[in-house]
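Heads up, the thing below is written out as structure tokens.
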Amino acid sequence: MENKPFTIALPAGRMSEESLEFFARIGFARFSGPSSRELSFFDETGTVRILLVRNQDVPLCLLHGGAEAGVCGRDVILEHRYDLTVPVALPFGQCRLSVAAPSTQADGLFRLPHIRVATKYPHLAYRWFHERGLSCEIIKMHGSIEVAPLMGIADCIVDLVSTGNTLRANGLVELETIQESTALLLVNRPAYALQNSRIMELIRKSRLAAV
């Protein structure tokens, strides 16, 4: 099984770019791809394959045997409570899951008798409001949730924030941080036995660089 390509699932977009740069920097694998439309490509040796998927789908690829390792945000693991080995927190992908509201309503948000919350993270959002004794209705959305207060369907949002530029562009202000997040290296448990040398090499080099 050691001759089988070692497959890593990455979230398409900025985190995949940071992951590929990281793998090259630690001396694990170098990639010349992807092209603009490639969702699967190999490193320069042809022994390490990358799959580009949605951030939320990275753990599913590992759980169902589609990849031996993967990178995704801590927020995804905490929201869905996947049973995966997480050997290393990686030194990129830093952001935070925060509560944000329109600037005109921010001061009184937590005094509302019932708060409508738009989010892609219903479990984390509900737990945060519930632990603070705040009555809330969770409205699960999948797209750009910053528009929810503009549409009048939510009083606030819970979403990932990096620079805060998107919030400000849509008249929202950040009020509270629910959870800090960073990129995590995930490992498929059976891969420890089937591709142990590759797994251990990736973990060892990642840990050295993450210190």
Side-chain angles (χ1 to χ4, degrees), residues 1-97 120-121 124 142-143 159-163 179-211:
M1 294 297 292
E2 289 285 350
N3 294 325
K4 176 187 174 184
F6 184 78
T7 302
I8 305 175
L10 299 179
R14 179 178 175 182
M15 194 177 290
S16 68
E17 296 171 1
E18 292 177 319
S19 298
L20 297 178
E21 291 172 0
F22 179 74
F23 295 151
R25 188 168 74 248
I26 65 176
F28 178 73
R30 293 185 179 276
F31 301 86
S32 57
S35 69
S36 60
R37 295 186 180 274
E38 279 184 313
L39 298 178
S40 175
F41 55 96
F42 286 84
D43 74 331
E44 294 174 350
T45 68
T47 61
V48 180
R49 181 176 67 163
I50 296 295
L51 293 178
L52 297 180
V53 300
R54 292 182 61 187
N55 192 30
Q56 294 86 344
D57 292 337
V58 169
L60 297 177
C61 288
L62 274 67
L63 287 170
H64 293 284
E68 284 71 53
V71 174
C72 78
R74 183 186 300 275
D75 51 285
V76 174
I77 299 300
L78 293 176
E79 172 66 22
H80 298 283
R81 291 163 283 186
Y82 289 115
D83 182 22
L84 288 166
T85 301
V86 185
V88 188
L90 300 171
F92 57 87
Q94 289 85 357
C95 57
R96 56 199 178 275
L97 187 67
K120 301 173 188 175
Y121 302 89
L124 291 175
H142 301 279
D159 200 14
L160 289 181
V161 179
S162 180
T163 64
Q179 177 70 54
E180 298 288 344
S181 184
T182 188
L184 299 177
L185 175 66
L186 312 178
V187 173
N188 177 348
R189 295 182 191 278
Y192 274 114
L194 300 177
Q195 296 218 26
N196 182 264
S197 64
R198 278 291 197 184
I199 285 287
M200 298 312 296
E201 178 191 4
L202 178 57
I203 292 174
R204 178 178 58 82
K205 290 183 175 180
S206 296
R207 283 178 174 166
L208 289 173
V211 173

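Here the structure is a predicted model, which is why all the values come from computation and not from measurement. All values below were derived from every heavy atom in this structure, side-chain atoms included, with hydrogens, water molecules and symmetry-related copies excluded.
For Leu160 against Cys95, the heavy-atom pair with the smallest separation is CD2-SG, 3.9 Å. Across every non-hydrogen atom of Ser206 and Leu90, the tightest pair is CB-CD2, 4.2 Å. Between Leu51 and Gly66, the closest heavy-atom pair is CD1-O, 3.7 Å. Across every non-hydrogen atom of Gly73 and Ser181, the tightest pair is C-OG, 4.0 Å.
Val58 has its side chain within reach of Val53: a pair of non-hydrogen atoms, C-beta onward, lies under 4.5 Å apart. Between Glu201 and Ser197 there is no side-chain heavy-atom pair separated by less than 4.5 Å. Side-chain contact between Pro59 and Ile77 is present, with at least one heavy-atom pair separated by less than 4.5 Å. Arg96 has its side chain within reach of Val161: a pair of non-hydrogen atoms, C-beta onward, lies under 4.5 Å apart. Inter-residue side-chain proximity for Arg198 and Thr47 is flagged as met; some heavy-atom pair is nearer than 4.5 Å. Residues Leu185 and Leu202 are in side-chain contact: their nearest non-hydrogen atoms beyond the backbone lie under 4.5 Å apart. Here the side chains of Ile50 and Glu38 are not in contact, with every heavy-atom distance at 4.5 Å or above.
Taken to the nearest 0.5 Å, the CG atom of Leu20 stands 11.5 Å off from the CZ atom of Arg30. Taking OG1 from Thr85 and CG from Leu62, the interatomic distance works out to 9.5 Å, rounded to the nearest 0.5 Å. With rounding to the nearest 0.5 angstrom, the CD1 atom of Ile8 is 12.5 Å from the SG atom of Cys61.
A distance-only check finds no donor-acceptor pair linking the side chain of Thr182 to the backbone of Pro91 [under 3.5 Å]. In this structure a side-chain-to-backbone donor-acceptor pair under 3.5 Å is missing from Asp75 to Glu79.
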Starting from the C-alpha separation in whole Å, work towards a yes-or-no answer on side-chain contact (heavy atoms from CB on, under 4.5 Å) for Leu186 and Cys72.
-> CA-CA 8 Å; Leu186 312 178; Cys72 78; 3.6 Å; yes

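Among residues at least two apart or in separate chains, ring pair (Phe, Tyr, Trp, His ring centres under 6.0 Å) pairs with a member in residues 39-70 are Phe31-Phe41. Evaluation of the side-chain hydrogen bond (donor to acceptor under 3.5 Å, both in side chains) test over residues 49-63, restricted to residues two or more places apart or in two chains, returns Thr7-Arg49. Listed by first then second residue, pairs satisfying ring pair (Phe, Tyr, Trp, His ring centres under 6.0 Å) with a partner in residues 69-88 read His80-Tyr82, not counting sequence neighbours.
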Please table the atom pairs, donor to acceptor, closer than 3.5 Å between any side-chain atom in residues 22-29 and protein atoms at least two apart or in another chain.
none

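Residues forming a side-chain contact (heavy atoms from CB on, under 4.5 Å) with Asp159 (at least two apart in sequence, or on another chain): Lys120, Tyr121, Ile145, Glu146, Ile157. Evaluation of the side-chain contact (heavy atoms from CB on, under 4.5 Å) rule for Leu78 yields Arg74, Leu124, Gln179 as partners, not counting sequence neighbours.
Using a 4.0 Å cut-off between charged nitrogen and carboxylate oxygen, Arg14 and Glu17 do not count as a salt-bridge pair.
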